[in-house]
Structure formats: structure tokens, C-alpha cells
Amino acid sequence: MSAPQGWWREAVVYEVYVRSFADSDGDGVGDLPGITSRLPYLRDLGVDALWITPFYPSPQHDHGYDVADYCAVDPRFGSLEDLDTLLDTAHGLGLRVIVDLVPNHTSSEHPWFVEALAAPPGSPARSRYLFRTGRGAGAEEPPNNWESVFGGPAWTRVEGTDQWYLHLFDSTQPDLDWRNPEVAQMFEGVLQFWLDRGVDGFRVDVAHGLFKEESLRDQDRPEEPDAGDAPREIVERTLADEPMWDQPEVHEVYRSWRRLVDDYSDEHGTDRMVVAEAWTQTPESMARFVRPDELHQSFNFSWLLADWSAPAFAEVVRGTLAAMAPVDASPTWVLSNHDVVRHPTRYGGGARGLARARAATLVMLALPGSCYLYQGEELGLEEVDVAPEHRQDPSWFRTGEVGRDGCRVPMPWSGQEPPYGFGPPGSTPWIPQPADWGGLTVEAQRADPGSTWSFYQRALAARHRHARGAGPVELIAAPAEWGADVLAFRRGSLGVVLNCGEVPVPLPTGRLLVASGDSDPGVLAPDHAVWLELPQGSSGPSSISL
Ligand code: NOJ
């Protein structure tokens, strides 16, 4: 049976990167009491829920995505009692709480992996992970050619033996073997544990990765894709060979989780959910994770990956809605998270990047389904160029390339100098904050009606009034006067227009509900978006008039 209410279907969910949100004890790292102290802030901003990144005991080689104990709180982030307080406070403020679940791999310090390393090849302890014999006469080559997402081979050799273990991420994150039933059993227990604690949902890390093609065959990976004379669009549609991702067996796991979570919801009269982080190759494969008997939602990264172009955005909207319709799942939208370059920077940085970021956000908030925001985007924060000596992302250590630290710099709350209220005065944040963030703090922006923070608050309030429950999306073909680079759609009487072009376009008739920034009267400036209330009686896509 499906859950009673479906609060998540149209929710705005705010991602809290636990290390970087609020540090209550001055050790330079954010923590659960810090989050609790800032919950009224999230209520005032106008979000419906928060998703908290992993706070479980972990050596922190991948900042918590390397879990050593799935049913406890790492002392550096607080205690189970702190989590209880956080949940009670959030619920008292009308906020839901989603926690992160990391089932693809454990930490190399998880007792299972420690036991596996101490056990002989072929032992039950090793069969919870993917140990294989290396290739070559002396087993000196990895068992296959897979590469870690963080760079370098996806295999590490067990010292002094011919055995290697698989890690699709860092070598401290060994992949579990989901063909071993013990693994599934363990995670059902983990879900149950946190449900009993009162969480409202789970975000499933690497949800598309749990099963690998059983043979663990080589990936077919041409060094340089040979485009030949093929037209560009055909080349782009060619799907990569990915024996390590998106295998059919994974769906049975999600069917069983759906039953578990929905049964729990029914039994307790509550409404819990699961959202997948599944980097699939097509909207159709994303839709398979949210069939009616599978997960409730899946992150949709297609907008985040799209270029700044109205036709590209229109295709994202069309493709997403078309893929979700047959499975009757609520779509999701996301522009930033802790793994990608912040969207003002992606859109070119500076004033233009920020204008575009605000415009894209406003359009996203008008779409049906849920929106996932990332902490600091409401301040218009840009990616920070973190000095090499302060970089901590495992991919930096594995490849020497700038990793994801630049989007993880601790939040500036108040004041004119670091730590900007992130921690007590005099404390040193785990990644240094820029010296010029004084004007970007929450305190400074809340006092300024023209700030990005004030814009987010207005836009979120407008979403509650005008977009939630509005009609289906009807994309509108841009009239010739608008040029090619305008995205426009309506949902009932709500009209949304985004100008991705280089020249102002005339604004359609309608009452202005919310704008991403200032434009001259009667026009929509480049890099701006608006919501309009379309005149009564207008219906159908063609009825937007200039
Ligand atoms: C996705 C998480 O968002 C990312 O931060 C992490 O490094 C990988 N999964 C591995 O767990």
C-alpha cells in the first residue's frame, strides 16, 4: 500500500552538509547540535524538509560516505540523543528530516571489512565484499579494467597476496557484494533502526551501484570515442558500457525497501520516503528506480548537467516529465549539491553567473515535483578556489585534480571575518572561508530585500501559493519576437518565462508574481526569469500574449 500523504511529492528539501553547516563546539567541524540551533532559520527560509549528509562513525576519508557503523552517531557530530533532539525540534517546527544511507560500500574500518582482511580467500567474511584474484602471472594486474570514480584503478591489492578488492570510490570504501543475502539483511536492519528513531526518509547514496554485472567483465571503454562522420546528436546518444552501474538486479532491493518503508508508514500512521541518488544515463533508466513499487523519488540531475540554453532546458523538462508520467512518480529537480561546482560558478560566475543562477532557481521552483536545494545556494555562494594545502577530497589525493572542496566551504552566518558565526569566535573551520564573505552572510542578506537570500525566501513563499498543486506543465513555443533563447511554460494561470538570450524580450501580459532580479518595465532582461499570473480566461499554450 502506498503511504498516506506523500508530503515529499512537492517538497522543497534543503541539503545540510553536516561538516559545513554549523559548528556548536568549536572543533571546526559542523555537528548535530549546530544543525538543531539553525532549524528556525530553515523554517524562516521556507523549506519543507532537510536532508542531512552522513553523521555516522567514520574515519572521514570521504567525509562520512565511508561508514564504519551504520547505527550510531560519530562523536565528532554528537550523539544519538542529539539526533533525537534534532528530530523533535525539526518536527516541532513542521520540518521533515531525511538521512543518508550508504549501501554500496562500507568504510575499510567497518568491522566486516576488518574481519574480511583477516580471513582467508574464499571465506564467508570475504564474500560480503568483492575480492578477486588479480590478472597476470603474479596477479600483479587488477582483476578488470574498471576505474574508480575518484581516479585510478577501482581495485586495491591485499598486500602480499594475489587477491584484490573492488572499490568504485576510494580504496577506503570497499564495495559490498549485494549478491550475498547477509548484506541485504544488514541494511533492512539499518532502515528499521532509523525509522524507529523517527526519521522521515532516506537518501540512498550510489543507488545505481549496488549490483555489478556478475562476471565483473572488463568495461568496453574506447580511449578516444571515435565520432567518425556520425552526426553529433547520434554520438551523444550512444550509451556508455557500464557493467558496474544500473544493473537490473538492484530493483528487487528497492522493491523490498519500498514494502518495508510503506508498511512502517501504514503501521505508524506516518509518511516516510526514500529518494535515490542514481546517476543513470537516461531519463527512462531513472524512471525505473521510481516505479510504483520501488523508491518514492530519484534525483534528476539533467538540469544540473544542461547548458545555459532555453532549448536544452525545455528538453530537460519535457524529457523528465515524459519519463515520470508512465510510472506516476513525482519528478525532482536539483541545481547544486556537495558533489558539483556551485551553479552561479557553473553559469560563468560574477554578477552574470549569479543572475543566471537565480533565474534557473526560479524556473525550477515552478516545476511540479520536489526541489532539492544545497546549503549556501540561498546566499548565492560561488565555488571557492581552495588552496592545495587545504584540499581534502579523496579525488584530489588520487588524481591531483581539484575536487569538490570548493562547494563544501563552511556557511557564513554573521560577522565580518571567519568563522562568520559558523563556529564560536576564534575557532578555525575545517576548510578556510574566504576573507571577503562578510557581505554574503545570512545576517547581512536577511537585512537586504535585494539579496539572494531575500529572493529565495520570496520565491519559496510564492511556490507555496502559486506552484504547488498548479496544473500540468504546458511548454510554450516562443513567439518570433522573443527569439530562440526563451523558455516559457504555463501551469494553469501560472506563467513562467526565462530569458537565456542576449537581448531583453517583451514581457507577456500578466501580473508579476516574482522575479529573479530587476528588469526595465515591460521587458525581461537577459539571464532573468519571472512568474506571472496570466489573465483570467486565458487557457492553452498559445494564449500568452505580448
Ligand atoms: C555520492 C556522494 O554524494 C559523494 O559525496 C560520495 O563521495 C559518493 N557518493 C561515494 O559515497
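Positions are given from 1 along the sequence. Predicted model, so just to flag it, every value in this text is computed and none were measured. When a ligand or atom number is given, it counts from 1 through the structure's own listing order.
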Inset, instruction - Classify the angle between the aromatic ring planes of Trp413 and Phe21 as parallel (below 30°), tilted (30 to 60°) or perpendicular (above 60°). - result: perpendicular
Inset, instruction - Scan residues 357-403 for pairs that pass ring-ring contact (aromatic ring centres under 6.0 Å, His included), counting only residues two or more places apart or in two chains. - result: Phe299-Tyr372
Inset, instruction - Tell me, please, whether Phe131 has Arg126 positioned over its six-membered ring: NZ or CZ under 6.0 Å from the ring centre and within 45 degrees of its axis? - result: yes
Short N or O contacts of ligand 1 with protein, under 3.5 Å, listed by atom name?
| unit_1 | atom_1 | unit_2 | atom_2 | d |
| --- | --- | --- | --- | --- |
| ligand 1 | 3 (O) | Arg203 | NH2 | 3.0 |
| ligand 1 | 3 (O) | His338 | NE2 | 2.8 |
| ligand 1 | 3 (O) | Asp339 | OD2 | 2.5 |
| ligand 1 | 5 (O) | His338 | NE2 | 2.9 |
| ligand 1 | 5 (O) | Asp339 | OD1 | 2.7 |
| ligand 1 | 5 (O) | Arg404 | NH1 | 3.3 |
| ligand 1 | 7 (O) | Asp62 | OD1 | 3.3 |
| ligand 1 | 7 (O) | Asp62 | OD2 | 2.5 |
| ligand 1 | 7 (O) | Arg404 | NH1 | 3.0 |
| ligand 1 | 9 (N) | Asp205 | OD1 | 2.8 |
| ligand 1 | 9 (N) | Asp205 | OD2 | 3.3 |
| ligand 1 | 11 (O) | His105 | NE2 | 3.0 |
| ligand 1 | 11 (O) | Asp205 | OD2 | 2.6 |

Inset, instruction - Report yes or no: do Tyr65 and Asp170 form a side-chain donor-acceptor pair below 3.5 Å? - result: no
Inset, instruction - Indicate whether the side chain of Glu377 and that of Tyr14 have a donor and an acceptor atom separated by less than 3.5 Å. - result: no
Inset, instruction - Evaluate the salt bridge (charged side-chain N to carboxylate O under 4.0 Å, His left out) criterion for residues Arg197 and Asp84: first the C-alpha distance (whole Å), next the side-chain angles of each, then the deciding distance (0.1 Å), finally the verdict. - result: CA-CA 7 Å; Arg197 214 84 208 179; Asp84 294 340; 2.8 Å; yes
